[in-house]
Amino acid sequence: MSLPVEHALTLRLGMCLRPPLLTHDSGPGRRWVLYLQGCARPCTTECLNPGLLDPAGGRLVGLDDLRLVADQVVTGQWGAVEGITVLGGEPTDQAEALHPLLSHARSLGLSIMLYSGHPLAWFHRPPQAAARRLLDVTDILVDGPFIPALADPSLRWRGSSNQMVRRLTTRYSDSDLEASMAVRGVTVTRRHDGVITINGLQDRDHVTAARERLAESLAAPANLQEG
Ligand code: SF4
């Protein structure tokens, strides 16, 4: 008996899955943050996450494993979690496998925040049906390429002023988002696989400074990701 196609789906992640990365700096509330590996059409030569560009990098994780972690996240065993934020890499490059995970997370009551280097209009072009389906299960979309000339370190949750934080559902009001964005902070996490993540910094100079200070204070960090 063959399994339904969906069971064979995998996502390529730029990080290990367990324990899940949880931060307060990547959207409203405390969130499970997933970095997807691979960006087929880099939007900038100054990407803050160069380690996530290689579509063959990272590790493949089965959809069932990811669903299981979502189930565990909502039990509260890692504390209260508001939602899931998907960054990259370019998440839409893996739209077909990502959609069932986001649908499942949403059915559990988690809110969904999605990043893409593509502007919203790109999703509505006829060839992008799989990416467009992601919007059906997304509460907040941060869209558009990072443009260094428009970089603004005072922005929250995005790096350049062309990028927009868009409410796609009524789960959050504008004032909810404004209140969440007013909370400033940076989360640095060192994981058991040696990866250090920095969430909440959007400015390249600040990221470089943080990288250098971490390199001084920690023995040869294996990898860094920022979002
Ligand atoms: S910012 Fe996102 S879309 Fe742009 S190059 Fe980096 S990973 Fe790719």
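Just follow the structure's listing: the first ligand is 1, and inside any ligand the first atom is 1. Keep in mind the model is a prediction, meaning the values are calculated, not measured.
Looking at Glu90 and Thr92, their side chains do bring a donor and an acceptor atom within 3.5 Å of each other. Of the N and O atoms on the side chains of Glu178 and Tyr172, not one donor lies less than 3.5 Å from an acceptor on the other residue.
Follow the hydrophobic side-chain contacts under 4.5 Å out from Trp78 and you reach Leu108 in the same cluster.
Compare Pro145, Gly14, Pro50, Gly89 by their heavy atoms: the one nearest to atom 2 (Fe) of ligand 1 is in Gly89.
Of the heavy atoms in Leu53, only side-chain atoms (C-beta onward) come closer than 4.0 Å to ligand 1.
Ligand 1 places these atoms under 4.0 Å from at least one heavy atom of Pro42: 5 (S). Of all atoms in ligand 1, numbered sequentially from 1 with element shown, those under 4.0 Å from a heavy atom of Glu90 are 3 (S).
Looking at atom 6 (Fe) of ligand 1, its nearest protein heavy atom turns out to be Cys47 SG, 2.3 Å. In this structure, atom 8 (Fe) of ligand 1 lies nearest to the protein heavy atom Cys39 SG, 2.3 Å.
Judged by distance alone, the side chain of Gln94 and the main-chain N or O of Arg12 form a donor-acceptor pair under 3.5 Å.
For Arg167 and Asp139, the salt-bridge test fails: no basic side-chain N is under 4.0 Å from an acidic carboxylate O.
Among the atoms of Cys43, none of the N, O or S atoms falls under 2.8 Å from atom 6 (Fe) of ligand 1.
In this structure the side chain of Arg67 reaches within 4.5 angstrom of the side chain of Pro100, judged on heavy atoms.
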